[in-house]
Amino acid sequence: MAASTVKVAREWSGLALGVRRAVLRLPGLTQVRWSRYGPEYQDPQIDKEYYRKPLAQLTEEEKYERELRKTQVIKAAPATKTSSVFEDPVISKFTNMMMKGGNKILARSLITQTLEAVKRKQFEKYHAASAEEQATIERNPYTIFHQALKNCEPVIGLVPILKGGHFYQVPVPLADRRRRFLAMKWMITECREKKPRRMLMPEKLSQELLEAFYNRGPVIKRKHDMHKMAEANRALAHYRWW
Amino acid sequence: IMLKGMTRLVSRVHKLDPGRFLHLGTQAPQCLVAHLDNQVPTKSPRAISRTLENDPAKHGEQHVGQHYSISVQELKTAFPHGLPPRFALQVKTFNEACLMVRKPALELLHYLKNTNFAHPAVRYVLYGEKGTGKTLSLCHIIHFCAKQDWMILHIPDAHLWVKNCRDLLQSTYNKQRFDQPLEASVWLKNFKTANERFLSQIKVQDKYVWNKRESTEKGSPLAEVVEQGITRVRNATDAVGVVLRELKRQSSLGGFRLLVAVDGVDALWGRTTLKREDKSPIAPEELALIYNLRKMVKNDWQGGAIVLTVSQTGSLFKPRKAYLPQELLGKEGFDTLDPFIPILVSNYNPKEFESCIQYYLENNWLQHEKAHTEEGKKELLFLSNRNPGLLERLCAYL
């Protein structure tokens, strides 16, 4: 949408590098997301393999790039990004969305308990199943997680557009990041609201993830409802101008 | 000539260990293993994490780091009280109970095999940091004693008796003390399943009157006392006291060998979180179960051994980093237990760590693709610092 950070002509006033001062405002655009870093700050290189490459193997461009990075200022790497082999950006994003009040430890522990619960349930099924079915049962909690979220992503979304004093729900194609966000959001709200009183979050989440993996369950139903509404409002599609 | 050398080596190996796997180190001749296809199933020959030797009595130095399995039947008889919760989950998931053979347990087994039953019972205390494997080493010892037909007195966690008790009754036997009917009756039920065969042999040496209508005569089997405790829950704590006293008296006579295994023995001398109706705190000696257990842990009887564990995990009002017996038992506890043999249980050494990872890989527990690589193993080593408990929790979600 129009809420992305505005790229504005900066004024050098001889102050400390990177601090933003009075910014030009373009009419109709408001700056929503700020960053304390100026545009000359480069993103940190977290990948271990980049640094392990021996000097002899680097091409001319890479050597130039390394020399250049020695002179550039680099942003601090966030505490959540590690160079661990087990790191997964989808899981990180999901933990951030689960987090309440900055309690990342609790969110992370809930996610790890969920993955463990998913794994144990699949192992139970595996041991109970016959030889042919054993080949079809997926035991990796990470593949189940990714596939479940992918199955929950809606293809088309609805956006309220003001026309003639009324808001109409207009079907609109969604960007990739919006779809991923919606899938995760629906999963989390579903688990928080429809959870039985004494059931713990990891158990409910693992249940929902497994059902979404097999393309059934309430989150998939919500996705289908969204698709049906979009199909129903098909006539309003020409209200979209982008 | 190559072939002759091979066959000679093969025959030597066959003579050495009929039906056992040798742990081959990293420098082991891998070509030798490749020819033993009839013994070794299709696994990577570098580190073998399992052994077929399921009898703890025959475990020796060569089995250190290897897992041996306990059959479901033996689990029910030797561990009716249950295993530690995370291990019980693992047993349920893998459909098999596999314990790793480790040095502290082997040391203890050696001492137990060479005990002199005419001398007073020796006290062994397993201590170590959190998650190093004290409780599972205790389980290994209990399994050994069960196989050797000892009588097993196993208290799975003494901390559970000093906290979160819903119903405390004033004891019928002694007005100053308190009874815990629930815990006592549960313990008696499990004690019965563990030691069925002994209960009919041991005869009570005193007359015990439970109430106006019920009493146990002198000379009746111990099973009656246990039944009385299970059926009449109000007298369960006293039944436990009677059982402990009889066992202590009669083990010196030599009819059977007694193993007293208490996990979390520092609960006997610490503080409790239980309160009377007027909100004043209760000291542990005012609980009848604890009072009787303290008498059991004294070394004034012969004919068995006492194996104890001190752990901070369930303990009350002890700092998190405390793991030495002196810190956890306090002055009183340490003085009571004073001549004891301390056995340190530490983190895995590199061989045991490799073996543990291999065991998880064999059971397909490590599902993450990167966990199979060298990078992943190095990361697990770094994150867990070779601590068994931490490693288990890490591998659970990977």
Side-chain angles (χ1 to χ4, degrees), chain A residues 46-52 82-92 94-95 98 105-129 131 134-147 200-203 205-206 209-210 213, chain B residues 41-42 67 69 71-72 75 83-98 130-131 313 320 353 356-357 359-398:
Chain A
I46 306 224
D47 189 20
K48 269 195 277 202
E49 299 307 315
Y50 178 85
Y51 295 110
R52 282 202 192 142
T82 53
S83 54
S84 156
V85 286
F86 300 121
E87 191 193 335
D88 192 352
V90 183
I91 301 263
S92 312
F94 198 79
T95 28
M98 287 268 287
I105 304 179
L106 183 60
R108 181 95 181 108
S109 69
L110 287 176
I111 297 290
T112 50
Q113 284 167 40
T114 310
L115 291 170
E116 188 184 336
V118 163
K119 209 186 201 186
R120 284 196 201 266
K121 282 187 192 168
Q122 291 297 93
F123 265 77
E124 286 292 313
K125 266 195 242 170
Y126 185 85
H127 289 306
Q134 276 180 354
T136 50
I137 293 182
E138 173 64 55
R139 291 186 284 178
N140 188 341
Y142 292 88
T143 40
I144 292 184
F145 186 80
H146 291 155
Q147 190 56 43
L200 293 170
M201 184 62 150
E203 200 193 315
L205 233 195
S206 59
L209 281 172
L210 281 171
F213 178 69
Chain B
T42 49
H67 292 87
S69 66
S71 68
V72 181
L75 264 185
L83 296 157
R86 281 211 73 96
F87 187 65
L89 268 180
Q90 184 179 304
V91 166
K92 187 160 168 276
T93 311
F94 292 167
N95 279 343
E96 62 176 1
C98 279
K130 178 172 167 176
T313 318
R320 197 163 59 91
F353 179 79
C356 187
I357 298 274
Y359 173 66
Y360 286 140
L361 285 173
E362 276 167 29
N363 285 54
N364 295 328
W365 188 231
L366 292 172
Q367 287 278 326
H368 201 283
E369 320 77 49
K370 292 287 165 76
H372 302 271
T373 59
E374 278 307 312
E375 281 283 335
K377 281 196 199 129
K378 272 198 271 189
E379 180 140 349
L380 281 174
L381 189 107
F382 173 72
L383 285 174
S384 64
N385 191 22
R386 283 197 231 115
N387 182 307
L390 264 181
L391 180 65
E392 197 266 312
R393 274 169 202 268
L394 277 175
C395 295
Y397 63 81
L398 278 178

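A note on names: the letters A, B, ... follow the listed sequences, proteins ahead of strands, and every chain is numbered from 1.
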K.L.:
Among side-chain atoms of Arg108(A) and Thr95(A), is any donor-acceptor pair under 3.5 angstrom?
P.N.:
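No donor-acceptor contact under 3.5 Å links the two side chains.
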K.L.:
Can you tell which of Thr112(A), Leu115(A), Ile111(A) has the highest number of heavy-atom pairs within less than 4.5 Å of chain B?
P.N.:
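Looking at each of Thr112(A), Leu115(A), Ile111(A) in turn, Thr112(A) comes out on top.
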K.L.:
Is a salt bridge present between Arg52(A) and Glu49(A), judged by a nitrogen-to-oxygen distance below 4.0 Å?
P.N.:
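Looking at Arg52(A) and Glu49(A), the cut-off is met.
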K.L.:
Tell me whether the rings of Phe94(B) and Phe123(A) are parallel (<30°), tilted (30 to 60°) or perpendicular (>60°).
P.N.:
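Tilted: the ring planes of Phe94(B) and Phe123(A) meet at 30° to 60°.
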K.L.:
Side chain from CB out, backbone as N, CA, C, O: work out which of these in Lys92(B) comes under 4.5 Å of a heavy atom of chain A, or both, or neither.
P.N.:
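Its backbone and side chain both get close to chain A.
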K.L.:
Where does Asn364(B) contact chain A at under 4.5 Å (heavy atoms): side chain, backbone, both or neither?
P.N.:
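Contact with chain A: backbone and side chain both.
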K.L.:
If I measure from the heavy atoms of chain B, does Tyr142(A) come under 4.5 Å with its side chain, its backbone, both, or neither?
P.N.:
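Just the side chain, heavy atoms under 4.5 Å.
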K.L.:
Any donor-acceptor pair under 3.5 Å linking the side-chain atoms of Glu96(B) with those of Ser69(B)?
P.N.:
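Short answer, no.
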